[in-house]
Protein chains: 2
Amino acid sequence: MRSGESGRLVASGYPAGPRRRILLKDVATSANVSGSTASRALADDPRISLATRLSVKAAAAELNYVPNAAARSLRMKHTRTLGLLIPDLRDPVHGQVASGFEEEARRSGYCVIMVAGENEPARERLALKIFAEHGADGVAIVSGAISPREARERVDPERLILVQPDHHSLPRREGVVPPGVILTDDAGGLKAAVNHLVDNGYRRIAYVEGGGGATNKVRSEAVATTLRSRGVKTALRTFGAGDDTWRDPTELASEIATDLPEALVCYDDKLALALMDALRKLRIRVPEDIGMVGFDGIPFAAISNPRLTTVATPAGEMGRLAAASLVRTIQVGARLEAVLLPPDLIVRESTRTLSPPTRNHDPRS
Amino acid sequence: MRSGESGRLVASGYPAGPRRRILLKDVATSANVSGSTASRALADDPRISLATRLSVKAAAAELNYVPNAAARSLRMKHTRTLGLLIPDLRDPVHGQVASGFEEEARRSGYCVIMVAGENEPARERLALKIFAEHGADGVAIVSGAISPREARERVDPERLILVQPDHHSLPRREGVVPPGVILTDDAGGLKAAVNHLVDNGYRRIAYVEGGGGATNKVRSEAVATTLRSRGVKTALRTFGAGDDTWRDPTELASEIATDLPEALVCYDDKLALALMDALRKLRIRVPEDIGMVGFDGIPFAAISNPRLTTVATPAGEMGRLAAASLVRTIQVGARLEAVLLPPDLIVRESTRTLSPPTRNHDPRS
DNA sequence: TTGTATGCGTTATCAG
DNA sequence: CTGATAACGCATACAA
C-alpha cells in the first residue's frame with residue numbers, strides 16, 4: 001500500500017513527459033501480492049480474503065489504476081462495446097434514437113462506438129467492418145440502406161438488431177415483424193391520422209413523399225388504404241419529393257399551391273415543418289387554407305407556429321430498447337425478440353374541423 | 001488461396017453455430033507464408049515482394065479476414081479511437097458537433113466512442129475513465145461541467161480538446177483562448193446582435209438567461225456591455241431562467257408579459273423558439289409586440305414562424321475541427337492549437353425596424 | 001487463500 | 001525477401 005517508490009507516480013498534472021501507465025502489476029507490487037491476486041481482488045473474487053481485497057483496491061485507487069481494455073478484451077473475448085450505425089447524428093429523430101441507445105448501453109456498463117452511415121451502402125459496410133474489428137459485442141443498425149439480408153451476412157444475426165430498417169425486402173405484413181427488428185406501426189399511426197382528418201371533414205387529401213425508401217411506401221399506402229376504407233372516393237394525390245426536399249421545399253410548395261388539397265399528410269415532421277414555411281412564403285395559411293400532418297413527433301413540432309399535428313413515435317425508446325435487447329442477448333444468450341411499437345397521434349393546431357364533422361366511424365375500419 | 005478446407009468457411013448466413021473467427025494465422029496458412037509475412041504483406045511493407053503481397057491480400061479477402069483491434073492495440077499502444085464526451089445527443093447543437101466530429105474522425109481512419117455526460121460531473125468523470133480504459137488516442141469534451149483543470153488532470157492535456165467549455169475558470173479575456181480549446185466569439189456575436197437591435201430603434205432590451213453556466217454569463221455581459229457602449233441608458237433587464245426552462249417557458253413568458261420589453265435576447269435558439277411559442281399563447285406577437293434574438297443558428301430557427309433572427313455558430317465545423325486537431329496532434333505530435341470561431345448574425349423575421357432607425361454607428365464601438 | 005505459468009492475436013525484433 | 005520468437009497487459013487453469 002505504499003504510494004509508489006518516488007511518491008510522484010500519480011502526481012496530478014503532467015509535470016514531465018508522459019509517465020508510464022500504471023499496470024495491474026504495479027498495483028500488485030504496491031499491495032504486496034501477485035498479479036493474479038490483484039486481478040481477482042479487483043474482480044471481487046470471493047476466494048480472496050476481504051482484507052487483501054480491500055488492500056488491493058486501496059492500492060489501485062492510490063495509483064489511479066486504469067485497466068487496459070485491449071488486453072482484457074483479448075483475453076476475455078468480449079469488449080463490452082456496442083456498435084451503433086446511424087444515418088445522421090444531426091437528424092432530430094436519429095439523435096433521439098442514439099441518445100436512448102447510448103444511455104441504456106451505459107447503464108448496462110457498455111460503451112458505444114457510433115458511426116454515421118449517411119444512407120450510403122459503402123459507408124455502412126465500412127461501419128460494420130469497423131465494428132467487427134473492434135469486436136463489438138452487439139450492433140444496432142438504424143434505418144440502414146443495405147438490405148437486412150446483407151446486414152445479417154456481415155454481422156452475427158444473433159447480435160444484430162435492426163431499428164426501423166428502410167428496405168423493401170422487409171416483409172411488413174400486417175403486425176408481423178421478424179426477430180431482431182424493432183419498428184413502429186407506421187400504418188397504424190397513419191390510419192389514426194387519416195381517420196382524424198376524415199372525421200373532421202377533410203376529403204381532398206394528399207400525401208407528400210419523403211424519398212423512395214420502403215418506409216415512404218408503407219406510409220403512402222397506409223394513407224391510401226385508410227382513405228379507401230373510409231369511403232373517400234377522391235383518389236389520393238401524391239406529391240413526389242426527393243430524399244432531402246425538406247432542405248428546400250420551395251418548388252414543391254409552388255406545385256402544391258397550384259391546386260391546393262384540403263390537407264397534406266407528410267412523410268415526416270422535418271418535411272412538414274419545412275413545407276409549412278415554404279407555404280407561408282406563398283401566403284398559404286395552415287390550417288385555414290390547408291391542413292398539415294407530420295410524422296415522428298420531433299420536439300419542434302410541438303412549438304411550431306402553428307403547432308404540428310403529428311404521428312409521434314417513441315424514438316428514444318427504440319434506441320433504449322435496442323441496447324437493452326442487445327445486452328440481454330449478450331448476457332443471457334436469449335434470442336433477439338421482435339418489437340412493434342405503437343405510435344401516437346397528437347392533434348395540434350395544423351389541422352382543424354373543416355365543416356360538420358362526420359360522426360364517429362367504426363373503429364375497426 | 002484455396003477457399004477453406006470445406007469450402008464453407010466464409011459461407012454467408014450462419015448455418016450452424018458461430019464459426020471460429022478468421023485469424024491472421026489462417027490467412028498466412030492459406031497463402032503459404034508465415035504469420036509475420038502475412039502481417040507485413042497486409043501492411044504493404046515494401047520489403048515483401050509484390051507477388052506475395054497480392055497473394056496474401058487475396059487470401060485475406062477470400063477468407064474475409066478481419067484483424068483483431070484489441071490485439072493490435074495491445075501491441076501498437078494506440079487504438080485509432082477518439083473519445084467524445086457530449087452533454088446530450090438530442091440537442092440540435094450537440095448533434096451538429098457530434099456529427100462533424102464523427103465525420104472528420106472517420107475520414108481520418110479513427111472511430112469514435114461517444115458518451116453523454118448530461119452535464120453531470122460524475123458521469124463526465126466516468127466517461128473520461130471509459131476513454132482511458134479503452135485507450136482513446138484523443139478525447140474531446142464538449143461543453144463540460146467539470147473544470148478544464150480537472151479535465152486536464154484526468155486526460156493527457158496533449159490529447160485533450162475542449163469545445164465550448166462552460167466553466168467560469170476559463171479565462172475568457174478578449175480574444176485570447178488557451179491552447180487546446182475551441183470556442184466561438186460569443187461576445188462578438190452578441191455585440192453584432194445588439195447593434196442590429198439598437199440600429200433598428202430597439203432600446204428597452206432584456207436578456208433571457210439559460211442556466212447559471214459561464215457561457216450564460218459571458219453572453220449576458222456582452223449584451224450589457226454593448227448596450228452601454230451604444231449609449232443606451234435604460235438598464236438591461238435580465239430574466240432568470242433555469243437550465244431547462246426552454247422545456248416549459250410558460251411561467252417565464254407570463255413574467256415577461258407583465259412588462260414587455262421591446263426585444264428579448266435569448267441565451268440560445270431553443271429557448272427563444274420555446275419562448276416564442278409561450279408568448280404566442282399569451283397573444284403576444286413577434287416581432288410586432290416584441291423582438292426576439294436567439295443564439296446558435298439551429299436549423300429550425302430558419303423555418304420557424306416568424307423565422308428567428310439569431311447569432312449562428314459553426315457547430316459542425318467545431319466538431320470537425322476538434323477531430324482534425326486531435327488527429328494531427330496524435331500523428332505529428334504537434335501541440336493542440338487554440339481556435340476562436342466567428343459567429344454570424346443572421347437577421348430574419350423576429351426583429352424589425354422599430355422607428356426611424358439610428359444611423360450606422362462606429363463599427364469599433 | 002494465494003502464486004505460477006500460459007495464452008489471447010498482433011506486430012516488431014532479430015536472424016537467416 | 002522471409003521466418004521464428006518475444007512481448008503487449010490481463011485473466012484463468014493449475015499448482016501449492
Side-chain angles (χ1 to χ4, degrees), chain A residues 1 9 18-57 59-60 63-81 129-130 132-137, chain B residues 18-57 59-60 63-81 129-130 132-137:
Chain A
M1 210 175 308
L9 253 184
R19 290 181 314 300
R20 189 177 62 76
R21 183 165 170 166
I22 301 298
L23 305 181
L24 182 57
K25 182 174 37 178
D26 300 312
V27 175
T29 304
S30 164
N32 290 316
V33 295
S34 75
S36 37
T37 299
S39 172
R40 291 193 266 249
L42 292 178
D44 264 319
D45 187 317
R47 293 177 304 183
I48 303 300
S49 80
L50 198 59
T52 50
R53 251 188 282 175
L54 256 33
S55 154
V56 169
K57 284 183 182 174
L63 296 180
N64 223 296
Y65 168 64
V66 173
N68 180 321
R72 174 177 289 169
S73 300
L74 192 56
R75 190 51 232 243
M76 307 267 267
K77 322 294 238 164
H78 70 249
T79 55
R80 289 190 86 76
T81 286
K129 186 175 178 193
I130 289 174
E133 290 186 0
H134 287 262
D137 294 336
Chain B
R19 287 180 315 301
R20 188 177 63 75
R21 184 165 170 165
I22 302 297
L23 306 181
L24 182 58
K25 182 174 35 176
D26 300 312
V27 175
T29 304
S30 165
N32 291 315
V33 295
S34 73
S36 15
T37 300
S39 173
R40 289 191 271 246
L42 292 178
D44 265 317
D45 189 317
R47 294 176 304 180
I48 302 299
S49 80
L50 199 58
T52 50
R53 251 189 282 177
L54 256 33
S55 153
V56 169
K57 283 181 183 177
L63 295 181
N64 223 295
Y65 168 65
V66 173
N68 180 321
R72 173 177 289 167
S73 300
L74 191 55
R75 189 54 231 239
M76 307 265 268
K77 321 288 238 181
H78 70 250
T79 56
R80 290 191 86 77
T81 287
K129 186 176 178 194
I130 289 174
E133 290 186 1
H134 288 261
D137 295 336

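- Atom C1' of nucleotide D:dT2 and atom CZ of B:Arg53 are separated by 13 Å, given to the nearest angstrom.
- Rounded to whole Å, the distance from NZ on A:Lys25 to C1' on D:dA11 is 15 Å.
- When the nearest nucleotides of DNA chain D are assigned to B:Ala38 and B:Lys77 by heavy-atom distance, the more 5′-ward of the two goes with B:Ala38.
- The C1' atoms of five pairs define one axis at each end of the helix from C:dT1-D:dA16 to C:dG16-D:dC1, and these two axes lie 40° apart (to 10°).
- For the residue pair B:Tyr65 and B:Leu24, the shortest heavy atom distance occurs at CE1-N, 3.3 Å.
- For residues 37-55 of chain B, the pairs satisfying salt bridge (charged side-chain N to carboxylate O under 4.0 Å, His left out) are B:Asp44-B:Arg53, B:Asp44-B:Lys57, B:Asp45-B:Arg47, with sequence neighbours left out.
- Among pairs with a residue in residues 66-81 of chain B, those fulfilling side chain to side chain donor-acceptor pair (under 3.5 Å) read B:Thr79-B:Asp137, at least two apart in sequence or across chains.
- A:Leu54 CG to A:Ile48 CD1: the interatomic distance, rounded to the nearest 0.5 Å, is 12.5 Å.
- Protein chain A touches strand DNA chain C; the 5'-most and 3'-most nucleotides with an atom under 4.0 angstrom of its non-hydrogen atoms are C:dT1 to C:dG9.
- Heavy-atom distances to DNA chain D give each of A:Tyr65 and B:Gly35 a nearest nucleotide, and the one nearer the 5′ end belongs to B:Gly35.
- Annotation: side chain to side chain contact (heavy atoms under 4.5 Å, CB included) contacts of A:Lys25 (sequence neighbours excluded): A:Leu23, A:Thr29.
- A pairwise comparison of heavy atoms in B:Ala70 and A:Leu74 identifies CB-N, 4.2 Å as the closest pair.
- With sequence neighbours excluded, no residue forms a side chain to side chain donor-acceptor pair (under 3.5 Å) with A:Ser39.
- Heavy atoms of A:Ser49 sit under 4.0 angstrom from primed sugar atoms or phosphate atoms, though from no base atom.
- Annotation: the span from B:Arg21 atom CZ to B:Asn64 atom CG amounts to 10.5 Å, rounded to 0.5 Å.
- Contacts between residues 67-76 of chain A and DNA chain D, defined by a heavy-atom separation below 4.0 Å, involve A:Pro67, A:Asn68, A:Ala71, A:Arg72, A:Arg75, A:Met76, listed by number.
- Residues satisfying the side chain to side chain contact (heavy atoms under 4.5 Å, CB included) test with B:Val33, not counting sequence neighbours, are B:Ala28, B:Ala31, B:Thr37, B:Ala38, B:Val56.
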Contacts under 3.5 Å, N or O only, protein and nucleotides 14-16 of chain D:
none

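- D:dC10 atom P lies 11 Å from atom CD of B:Glu133, rounded to whole Å.
- As rounded to whole Å, 10 Å separates atom C1' of D:dC8 from atom CG of A:Leu23.
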